[in-house]
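Both backbone and side-chain heavy atoms feed into the values below; hydrogens, waters and symmetry mates do not. Proteins come first, then strands; the chains are lettered A, B, ... in the order of their sequence lines, and each starts at number 1.
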There are 2 protein chains.
Amino acid sequence: MTTLAGRASSPTLDEVAELAGVSRATVSRVVNGSPKVRPEARRAVEAAVAELRYVPNRMARSLVTRRTDTIALVLSESDTQVFSDPFFARVVRELSAALADTEMNLVLLAARGEREQEKVGRYVRQGHVDGVILMSLHSQDTLPRILAEAQVPLVLSGRPLDGHPVCYVDADNAGGARAATAHLLVAGRRRVATVTGPRDMIGGIDRYAGYRTALRDAGVAEDPALVAEGDFTEAGGAAAMTALLERAPDLDAVFVASDPMEVGALRVLRASGRSVPGDVAVVGFDDAPVAATSDPPLTTVAQPLGEMTSLMTELLLRQVEGDDEVRVRVCPTRLVVRESA
Amino acid sequence: MTTLAGRASSPTLDEVAELAGVSRATVSRVVNGSPKVRPEARRAVEAAVAELRYVPNRMARSLVTRRTDTIALVLSESDTQVFSDPFFARVVRELSAALADTEMNLVLLAARGEREQEKVGRYVRQGHVDGVILMSLHSQDTLPRILAEAQVPLVLSGRPLDGHPVCYVDADNAGGARAATAHLLVAGRRRVATVTGPRDMIGGIDRYAGYRTALRDAGVAEDPALVAEGDFTEAGGAAAMTALLERAPDLDAVFVASDPMEVGALRVLRASGRSVPGDVAVVGFDDAPVAATSDPPLTTVAQPLGEMTSLMTELLLRQVEGDDEVRVRVCPTRLVVRESA
DNA sequence: TCCGGTCGTGAGAGCGCTTTCACGGCGACA
DNA sequence: TGTCGCCGTGAAAGCGCTCTCACGACCGGA
């Protein structure tokens with residue numbers, strides 16, 4: 001080394017202790033807010049901390065406390081999907097809010113594909129985080145297994161596909177879908193189609209099940225021609241709607257399993273010369289922001305996302321605190337009637 | 001504790017060493033790929049590692065190496081904005097790709113508002129990451145200062161607003177905007193308006209400057225009525241376009257400083273009964289995925305995002321390795337001519 | 001006056017790892 | 001056969017912190 005520039009190594013507990021004229025232990029107590037410190041000593045330490053701009057080294061602290069005070073939100077989804085669906089945006093926002101006045105930090109990890117998921121698994125096993133919230137699971141995902149093996153506190157968003165006992169928070173997807181479909185049927189629609197979510201995701205499966213239940217309740221026979229699978233994206237919704245129109249041009253209503261898909265479906269519907277809700281009534285799912293501003297404003301099923309994320313946070317933090325109980329929460333959904341149906 | 005359940009504490013180096021019949025040091029060498037280990041010993045260690053499912057404790061390692069092998073992408077933007085602009089999606093994807101075959105991990109930190117930015121600052125100062133890439137800066141942001149003071153390796157995406165010497169990678173925003181505007185002028189348009197980006201972001205400023213340069217080059221006088229500020233969102237673009245149409249109904253072209261805004265502008269234009277590009281020619285910026293699929297396909301300015309993110313990664317990793325040189329890279333932009341202009 | 005009990009404090013062990021240093025064994029060379 | 005140097009290895013120090021434990025000072029009650 002020719003120059004001594006480099007990064008100034010940050011001050012340590014010992015340096016603060018020396019400056020304050022107390023022992024390391026006392027500084028540690030002050031930093032961690034222990035009450036058993038004389039006000040006088042406390043002031044001395046605080047002054048020293050301020051003067052040296054001391055910040056505790058987390059690695060050292062974590063090494064002994066076994067805590068990192070950070071939790072990971074891992075999205076088993078491609079970046080593209082994560083960033084295009086406003087659903088994730090809301091979840092992240094609510095999650096940050098829920099953690100805002102905690103000392104917990106939130107990191108985002110998007111991992112689609114086995115290779116990335118292994119990397120995430122390694123990251124977690126190495127002890128970077130105290131717990132993880134796992135979203136957007138597909139049936140072939142290895143993540144739940146990897147994380148379960150890592151024995152790290154875990155909360156799923158959405159019921160696990162394999163029924164494995166694990167903490168999760170879910171919306172009443174089936175109930176919401178059933179209500180949405182029933183709403184269509186009650187209005188007198190008889191050729192009620194559906195654009196489902198992916199069949200490998202619990203949300204897709206449950207919403208489809210709800211649709212079927214509503215039909216059965218109303219004594220309406222199912223027609224395979226009225227079912228098309230989407231992938232929760234706008235483009236996927238458009239494609240599914242196109243297929244639907246081709247197979248069943250006489251459909252008079254559609255239950256679309258997510259709002260982004262509904263936007264795509266609406267576009268296709270309009271392009272085909274059909275009016276909404278005149279010719280075809282449409283109900284979506286999620287109550288995304290776009291639903292209210294769309295033309296026409298969309299009737300949709302709202303999930304209590306705020307409540308769900310704070311429940312997830314709560315369940316996770318409980319586990320972090322050592323609670324090993326497997327807890328499950330299912331939140332009610334609510335039909336928001338606007339003008340598309 | 002009534003039960004002994006709890007989380008099984010993961011195996012340590014010593015346990016592996018004991019099982020393999022070697023010393024801790026040798027295990028460490030094997031784990032870290034040191035060549036100075038007899039093949040025989042190496043095999044014994046590898047077997048022990050596999051048997052115990054040993055994973056090194058990162059906190060312990062980081063404590064001595066002073067490295068965490070993770071870098072943060074911090075977005076000085078609200079979650080909503082981050083998740084709605086496909087620009088960020090691409091950056092994240094490219095960044096993950098660039099780091100895929102490194103042992104580096106990427107964490108995302110979105111922080112808008114002073115409180116959150118302080119939290120991020122603390123996170124970084126505590127030593128959670130080896131470096132940070134900072135994006136989407138607004139002029140009032142405290143983040144650059146906080147991070148500079150933390151003395152952590154830092155690369156900005158976009159030229160810093162205050163001209164402070166710091167590593168950054170930027171696109172030639174002014175050049176791109178100038179080319180876009182010139183394209184409009186060359187086509188014979190004379191009332192060329194612009195929807196700018198936010199005036200507190202370098203991208204917004206530079207693209208506006210490029211627009212003005214093109215006008216000046218062509219000897220066309222500027223008209224304040226032809227300038228409206230947007231916020232890089234679709235809604236913002238729509239609002240700005242509405243204002244523009246009101247103030248200057250005779251405009252015959254618009255340079256819109258981002259593709260999401262362009263989508264909004266297009267909608268307003270069409271709603272006003274104008275055809276694109278017939279009545280009004282439109283050029284955007286970013287070459288977002290939507291640009292190619294939009295109707296009509298959008299003429300836009302493409303930035304070499306892949307190149308830019310790998311440059312950012314490269315500059316950052318260099319700093320992490322100890323290189324203190326302040327390096328700057330500016331990447332050329334390219335006009336992609338489609339049908340909107 | 002003496003004893004038991006607080007209370008604030010400091011010494012020190014130890015978290016799991018990397019890395020320096022010293023040492024023993026061995027082949028090469030004279 | 002003796003010496004040098006190299007190579008693989010282990011002992012041990014130490015990264016910055018927390019936390020137990022012991023200790024001295026001090027106070028109130030017997």
Side-chain angles (χ1 to χ4, degrees), chain A residues 6-46 48-49 52-70 103 122 125-128 130 150, chain B residues 6-46 48-49 52-70 103 122 125-128 130 150:
Chain A
R7 271 177 286 289
S9 70
S10 38
T12 70
L13 253 200
D14 292 87
E15 301 176 43
V16 176
E18 186 172 6
L19 180 61
V22 299
S23 76
R24 207 163 65 232
T26 298
V27 177
S28 178
R29 288 190 189 97
V30 172
V31 170
N32 293 296
S34 157
K36 355 188 71 185
V37 177
R38 214 160 15 107
E40 190 184 326
R42 177 181 305 279
R43 272 193 301 278
V45 171
E46 279 164 354
V49 165
L52 296 176
R53 316 176 114 267
Y54 169 75
V55 178
N57 178 321
R58 285 313 288 257
M59 299 308 146
R61 175 181 289 181
S62 293
L63 184 56
V64 22
T65 60
R66 267 64 240 295
R67 295 262 314 239
T68 62
D69 287 341
T70 109
E103 62 189 64
R122 223 176 308 138
R125 294 193 58 194
Q126 286 173 344
H128 279 278
D130 289 342
Chain B
R7 270 177 286 291
S9 69
S10 37
T12 71
L13 252 200
D14 293 86
E15 301 176 42
V16 177
E18 187 173 5
L19 181 61
V22 299
S23 77
R24 210 163 62 232
T26 299
V27 177
S28 178
R29 289 191 188 96
V30 172
V31 170
N32 293 297
S34 157
K36 354 188 72 187
V37 177
R38 215 158 15 106
E40 189 183 328
R42 176 181 306 279
R43 271 194 301 278
V45 170
E46 279 165 353
V49 165
L52 296 176
R53 318 176 112 268
Y54 170 74
V55 177
N57 177 320
R58 284 313 286 259
M59 300 308 147
R61 175 182 289 180
S62 294
L63 184 57
V64 21
T65 60
R66 265 65 237 295
R67 295 262 314 239
T68 62
D69 287 341
T70 109
E103 62 189 63
R122 224 176 309 139
R125 293 193 57 193
Q126 286 172 343
H128 279 278
D130 290 342

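Distance, A:Arg125 CZ to C:dG16 P: 16 Å, rounded to whole Å. Distance B:Asn57 CG to C:dC15 P: 12 Å, rounded to the nearest Å. Distance B:Leu13 CG to D:dA12 C1': 15 Å, rounded to the nearest Å. The CD-P distance, from B:Gln126 to D:dG16, rounds to 16 Å in whole Å. Whole-Å rounding puts the A:Arg24 CZ to D:dC17 P distance at 9 Å. Nucleotide D:dC15 holds its P atom 20 Å from the CZ atom of B:Arg67, rounded to whole Å. Regarding B:Leu63, its CG atom lies at a distance of 12 Å from the P atom of C:dG16, rounded to whole Å. The interatomic distance linking B:Leu52 (CG) with C:dG16 (P) rounds to 14 Å, in whole Å.
Residue B:Ser28 is classed as a base contact, given a heavy-atom separation below 4.0 Å to a base.
One cannot find a donor-acceptor pair under 3.5 Å joining the base of D:dG8 and the side-chain atoms of B:Arg42. Counting atom types as modelled, A:Arg66 pairs no side-chain N or O with a base atom of C:dG16 as donor and acceptor under 3.5 Å.
Counting all heavy atoms, side chain and backbone alike, B:Thr68 lies closest to B:Asp130 at N-OD1, 2.7 Å. When all heavy atoms of A:Ala20 and A:Ala48 are compared, the pair lying nearest together is CB-CB, 3.9 Å.
Along DNA chain D, the nucleotide nearest to A:Thr65 and the one nearest to B:Lys36 differ in position, and the one closer to the 5' end is contacted by B:Lys36. Mapping A:Ala25 and B:Val64 onto DNA chain C by nearest heavy atom places A:Ala25 closer to the 5' end of the strand.
Considering only side-chain N and O atoms, A:Arg38 lies under 4.0 angstrom from the phosphate OP1 or OP2 of C:dT9. Side-chain nitrogen and oxygen atoms of A:Asn32 include at least one within less than 4.0 Å of the OP1 or OP2 phosphate oxygen of D:dT18. Considering only side-chain N and O atoms, B:Thr12 lies nowhere under 4.0 angstrom from the phosphate OP1 or OP2 of C:dG16. Contact check, A:Thr26 against C:dG10: a side-chain N or O comes under 4.0 Å of OP1 or OP2. B:Arg61 has a side-chain polar atom (N or O) that falls below the 4.0 Å cut-off from OP1 or OP2 of C:dT18. At the phosphate of D:dG16, neither OP1 nor OP2 sits under 4.0 Å from any side-chain N or O atom of A:Arg58.
Residue B:Arg67 places its CZ atom among more than 12 non-hydrogen atoms of other residues, nucleotides or ligands, all under 6.0 Å distant.
Panel note: side chain B:Ser28, backbone B:Arg24; no donor-acceptor pair is recorded below 3.5 Å.
In this structure, A:Arg29 and A:Val22 have side chains that are not in contact, with every pair of non-hydrogen atoms separated by 4.5 Å or more.
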